[in-house]
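Notes follow the structure.
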There are 2 protein chains.
Amino acid sequence: MAGTRSTERRERLRAETTAEIKRTALGLMGSGGPDAITLRAIAREMGMTANAIYGYFATRDDLVTVLIADVYTALADAVDAAWAATAQGGPAERIQAWAHAFRDWALANPEGFRLIYGDPVPGYRAPAGGAAPDAARRVCVGIAALADTAWGGAERSHGDGDFGWDDFDPGLLDKVRPAFPALPPAGVALALRIWGHLHGLVTLEIYGHLRAQTLSPDKLFHAELTQLVRSLGLHAQRAGSDEGVLEY
Amino acid sequence: MAGTRSTERRERLRAETTAEIKRTALGLMGSGGPDAITLRAIAREMGMTANAIYGYFATRDDLVTVLIADVYTALADAVDAAWAATAQGGPAERIQAWAHAFRDWALANPEGFRLIYGDPVPGYRAPAGGAAPDAARRVCVGIAALADTAWGGAERSHGDGDFGWDDFDPGLLDKVRPAFPALPPAGVALALRIWGHLHGLVTLEIYGHLRAQTLSPDKLFHAELTQLVRSLGLHAQRAGSDEGVLEY
DNA sequence: CACTCGACTATACGGCGTGAAGTTTATGTA
DNA sequence: TACATAAACTTCACGCCGTATAGTCGAGTG
């Protein structure tokens, strides 16, 4: 019994140190960007030697991989929460809430966004599989939910393009098809395209490319969403001051 | 006279070495990604000492800045050429040609794309001003040309959003307004949004995030363009096999 | 000839990831 | 309690990086 308990204690300490390493790494990332994630800096911050970290992560890339998974999960949580919070709302409202949550998270965590979607750290190459693709898929499924919600009105304008199920990754379909049985292949393609639209605008903004062109990226993103819900055959039904031009 | 000539010779040698440094750096980038651009590796490749490069570039970031400008210019050249090559074509054809040139260049030069739009090199921070923003602006002006070409039909659906000239960077407007006098602020916003759409899809593809979801990014991009020209009030008039659904 | 100046090398510093070996401390057992 | 073991951690070392400083060498000019 005593043996078991002390083993537990060791494991608890180990888990705590692992968490502290991750916490420290994220802190460094927040203040100095993804590049600041170095084993030596983490160890310095923790009062350890850099090599001590090798007892917890086999390599620096392993640590980065875990961090990416964590941060990506946080992003997925944020957008899922926005989606769930508007469960009572209309499609247009929910889609806008989702998209705003996406951008707001990115603006609040630019370094995390760069860690997930950019070249995270000097020589880092993502391994195949793991927790990060799971989070990526969660985000994709979230966008598929947008597409599914709007598919009734969007089908007329987005229904073509000769997509088949074999155009998509089986792992994605395993999650999408059961969740949205009514969504056809073209709907999944629409979801990926919407993802691309939002990702592009946010990426340009986060990386500073947009800032050199427009002074009000907020307005641009808002216009994007207005146009998005419109092109999906929905009418904007939030913020009554906006001109709610009904096109379809 | 002899003095002048030898001065010329020196300058010629100097320019040649500068060009070789840049060429070597781009070669390393092509084989090992932007991270492979290190002064020591370049010097090794050239049979020099790393410090010799400091005679040509004050710092590694200076070299990277120049490389970014060069590569960005190459991208701008590519899309401009596609635009010019279809001067006789219809708006839809030209827009699709431009967008395809953009994606094709990115797929042919993924490392260059990452250099331009990602975190180029470990600690690199872009300086304010310089040649790279010029190339960026050229690309933006190119997209403004797309928007201008299609504005007649697009105004109805994209004309709102209460944009004013003061929402945009003066430097951009200096180039856009003279070139496209008929394009209102909302048209510039449309251009930036289109840029975002294309950038997002291409970025996701280049960085491998799309590959995990769809097996045919080509088809997705094609669908995007089909939908783009449609939403601009144009009809697809290329590749007759495609279903040319006229919506507007 | 001596002088200058540009191109380049040598050396050095601190920082990085990481491997090998050694040390300390806690744990489990006889 | 005494000993063996294993985990946690440190020390030292290697090769990589950017870059600062000082020195070398050769061609051009007076």
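Treat the numbers as computed from the prediction; the structure is a model and nothing was measured. Below, read A as the first sequence line, B as the second, and so on, with proteins coming before strands; counting in each chain starts at 1.
Between A:Asp218 and A:Arg103 there is a salt bridge, since at least one side-chain N of the basic residue sits less than 4.0 Å from a carboxylate O of the acidic one. By the 4.0 Å N-to-carboxylate-O rule, A:Arg114 lies close enough to A:Glu111 to be salt-bridged with it.
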* To do: Can you check each nucleotide of nucleotides 6-18 of chain D against protein heavy atoms at under 4.0 Å and return B for base, S for sugar-phosphate only, - for none, in 5' to 3' order?
  => --SSBBB----BB
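Remark: aromatic rings of B:Tyr72 and B:Tyr117 are close, center separation under 6.0 Å.
Taking atom CZ of residue B:Phe57 and atom P of nucleotide C:dA7, one finds them 13 Å apart after rounding to whole Å. Taking atom CE of B:Met46 as the reference point, atom C1' of C:dC8 lies 12 Å away to the nearest angstrom. Atom CD of B:Glu20 and atom C1' of C:dA7 are 14 Å apart (whole Å).
Ring-plane geometry between B:His197 and A:His197 is classed as parallel, the angle between the planes falling under 30 degrees on a 0 to 90 degree scale with a further cut at 60.
Just one of B:Trp83, B:Phe221, B:Trp105 meets the ring-ring contact (aromatic ring centres under 6.0 Å, His included) condition when paired with B:His100; it is B:Phe221.
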